[in-house]
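Every number for a ligand or one of its atoms is a count from 1 in the order of the listing. Note that the numbering runs from 1 along the sequence shown for the chain.
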Amino acid sequence: MEEKAIIVIQDLLKRYKNTAKNALDSLNLKVKQGDIYGLLGPNGAGKTSTISMLCGLLPPDSGEIIINGTNLRSKPDKVKAMIGVVPQEIALFEDLTAKENLMFFGRMHGLKKDEINRRGNDLLEKFSLTEKSNKRVKTFSGGMKRRLNLMVGIIHGPEILFLDEPSVGIDVQSKNVIIEYLKEINRSGTTIIYTSHLMEEAEKFCTEISIIDFGREITKGKPSELLENNKDCENLEDVFLKLTGRNVRE
Ligand SMILES: Nc1ncnc2c1ncn2[C@@H]1O[C@H](COP(=O)(O)OP(=O)(O)O)[C@@H](O)[C@H]1O
Ligand SMILES: [Mg+2]
């Protein structure tokens, strides 16, 4: 029996204004419930554009996105209630404290104050920010901001989580805490779609992978399948370089 696809992307096309080529050029993807799905590709491949469209922030020129059986175009609010997003750029209020940020984002997702406090305190503890919870974000280090950025994206316990390069520009410890936490919520049922250009991390972390370039799929499969299909490669990074080339990108 085929496992249930929780996300289906069909022929997604996007060209930004005043640009000469498609950022997404008929992209197709299927994510199964419970996957940790890695959307991998070099800079400029179209990862952020895909995530932005998946969470309804950017309208596609054409193509369809179906999440949990619901078309994003026709019922955006229904879809938005099921998802959480951790953007590539830190999106926090610098003049608010960690707790105030959690309260703001929790409220935005329709949670009650008590629930936000309870979940927020658990997350603060988990991500070692309890002592900093009443400090303003602008006093935080990069790693602390990354952790809080993740926390506000999952405060409502979404069943589908999108993360855009969550482990770029952070210390090894913060990265480890984030990855371990993501594995934990995946075990309890959260489907994760994550973008990265860090192949070593993706090889260990992802259950399924798509490598995309120039807005198109280059290959996909489980990490073990990609290695099996590219016997001349020692690891996923070799596969990536073989398929996307060695010239430097954006
Ligand atoms: N707002 C924008 N305006 C014009 N071009 C854009 C914009 N955002 C992204 N692009 C272009 O679209 C392509 C895909 O970008 P992006 O989705 O950010 O890739 P990635 O996240 O994989 O690095 C790139 O060629 C990029 O320059
Ligand atoms: Mg990006």
Side-chain angles (χ1 to χ4, degrees), residues 7-31 35-65 67 72-73 83-92 142-143 145-150 152-154 160-170 174-175 178-179 182 192-203 205-206 208-221 223 226 236-237 239-250:
I7 298 173
V8 180
I9 295 180
Q10 287 167 347
D11 298 327
L12 208 58
L13 201 115
K14 180 76 191 175
R15 183 180 297 195
Y16 290 97
K17 262 197 198 114
N18 305 320
T19 60
K21 59 182 177 52
N22 293 336
L24 286 187
D25 195 13
S26 203
L27 187 74
N28 290 283
L29 278 182
K30 236 178 219 170
V31 178
D35 277 346
I36 298 181
Y37 201 104
L39 189 59
L40 313 177
N43 279 342
K47 302 182 295 296
T48 297
S49 301
T50 306
I51 296 287
S52 303
M53 284 188 253
L54 276 169
C55 60
L57 287 173
L58 182 73
D61 294 347
S62 62
E64 298 303 331
I65 295 172
I67 297 186
L72 176 62
R73 191 194 303 275
I83 64 174
V85 190
V86 181
Q88 181 171 6
E89 304 294 336
I90 303 277
L92 297 166
K145 287 183 188 174
R146 276 270 157 222
R147 279 177 277 154
L148 185 60
N149 202 45
L150 171 69
V152 302
I154 55 175
I160 303 170
L161 181 62
F162 302 123
L163 302 117
D164 197 1
E165 311 240 13
S167 47
V168 166
I170 54 168
S174 292
K175 195 188 305 195
I178 288 177
I179 294 288
L182 294 175
I192 294 175
I193 295 91
Y194 133 109
T195 79
S196 184
H197 56 261
L198 303 173
M199 294 305 126
E200 212 185 310
E201 180 178 289
E203 188 170 342
F205 180 49
C206 298
E208 299 286 337
I209 281 171
S210 269
I211 297 179
I212 66 167
D213 205 4
F214 304 109
R216 264 181 256 144
E217 181 190 294
I218 305 292
T219 189
K220 71 166 168 245
L226 297 189
L236 212 54
E237 180 149 328
V239 176
F240 185 81
L241 284 170
K242 178 180 152 189
L243 299 178
T244 62
R246 286 172 185 274
N247 49 331
V248 175
R249 304 301 173 78
E250 287 184 358

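Among Ala20, Gly44, Gly41, the residue whose heavy atom lies nearest to atom 14 (C) of ligand 1 is Gly44.
The distance from the CG atom of Leu243 to the CD1 atom of Ile212 is 13.5 Å, given to the nearest 0.5 Å. Residue Leu12 holds its CG atom at 10.5 Å from CG of Asp25, rounded to the nearest 0.5 Å. Atom CZ of Arg15 and atom NZ of Lys21 lie 9.5 Å apart (nearest 0.5 Å). For the atom pair CD1 of Ile179 and CD of Glu201, the computed distance is 4.0 Å after rounding to the nearest 0.5 Å. Expressed to the nearest 0.5 Å, how far CG of Leu163 lies from CD1 of Ile154 amounts to 8.5 Å.
Metal site remark for the Mg ion (ligand 2): Thr48 contributes an N, O or S atom at a distance under 2.8 Å. Look at Gln88 and the Mg ion (ligand 2): an N/O/S atom of the residue is under 2.8 Å from the metal.
When hydrogens are left out, the protein atom nearest atom 19 (O) of ligand 1 is Gly46 N, 3.1 Å; that is the closest non-hydrogen contact. Nearest non-hydrogen protein atom to atom 18 (O) of ligand 1 is Thr48 CB, 3.7 Å. The nearest protein atom to atom 2 (C) of ligand 1, hydrogens excluded, is given as Tyr16 CD2, 3.4 Å; this is a heavy-atom distance. Nearest to atom 27 (O) of ligand 1 among the protein's heavy atoms is Glu250 OE2, 2.9 Å. When only non-hydrogen protein atoms are considered, atom 17 (O) of ligand 1 lies nearest to Ser49 OG, 2.6 Å.
By the criterion of a heavy-atom distance under 4.0 Å, the side chain of Lys21, and not its backbone, is placed next to ligand 1.
For ligand 1, the polar-atom distance check against Gln88 finds no nitrogen or oxygen pair separated by under 3.5 Å. Considering backbone and side-chain atoms alike, Ala45 places an N or O below 3.5 Å from some N or O of ligand 1.
Under a 4.0 Å criterion applied to the non-hydrogen atoms of Pro42, ligand 1 contributes the atoms 22 (O). Taking every non-hydrogen atom of Asn43 and a distance limit under 4.0 Å, the qualifying atoms of ligand 1 come out as 23 (O). Ligand 1 places these atoms under 4.0 Å from at least one heavy atom of Ala23: 12 (O), 13 (C).
Few gaps surround CD on Gln10; more than 12 heavy atoms of other groups in view lie less than 6.0 Å from it.
Here Lys220 does not pair with Glu208 in a salt bridge; the nearest charged N to carboxylate O distance is not below 4.0 Å.
Ring to ring, Tyr194 and Phe205 are close: their centroids are under 6.0 angstrom apart.
Contact check for Thr50 versus Ile193: no side-chain heavy atoms found under the 4.5 Å cut-off.
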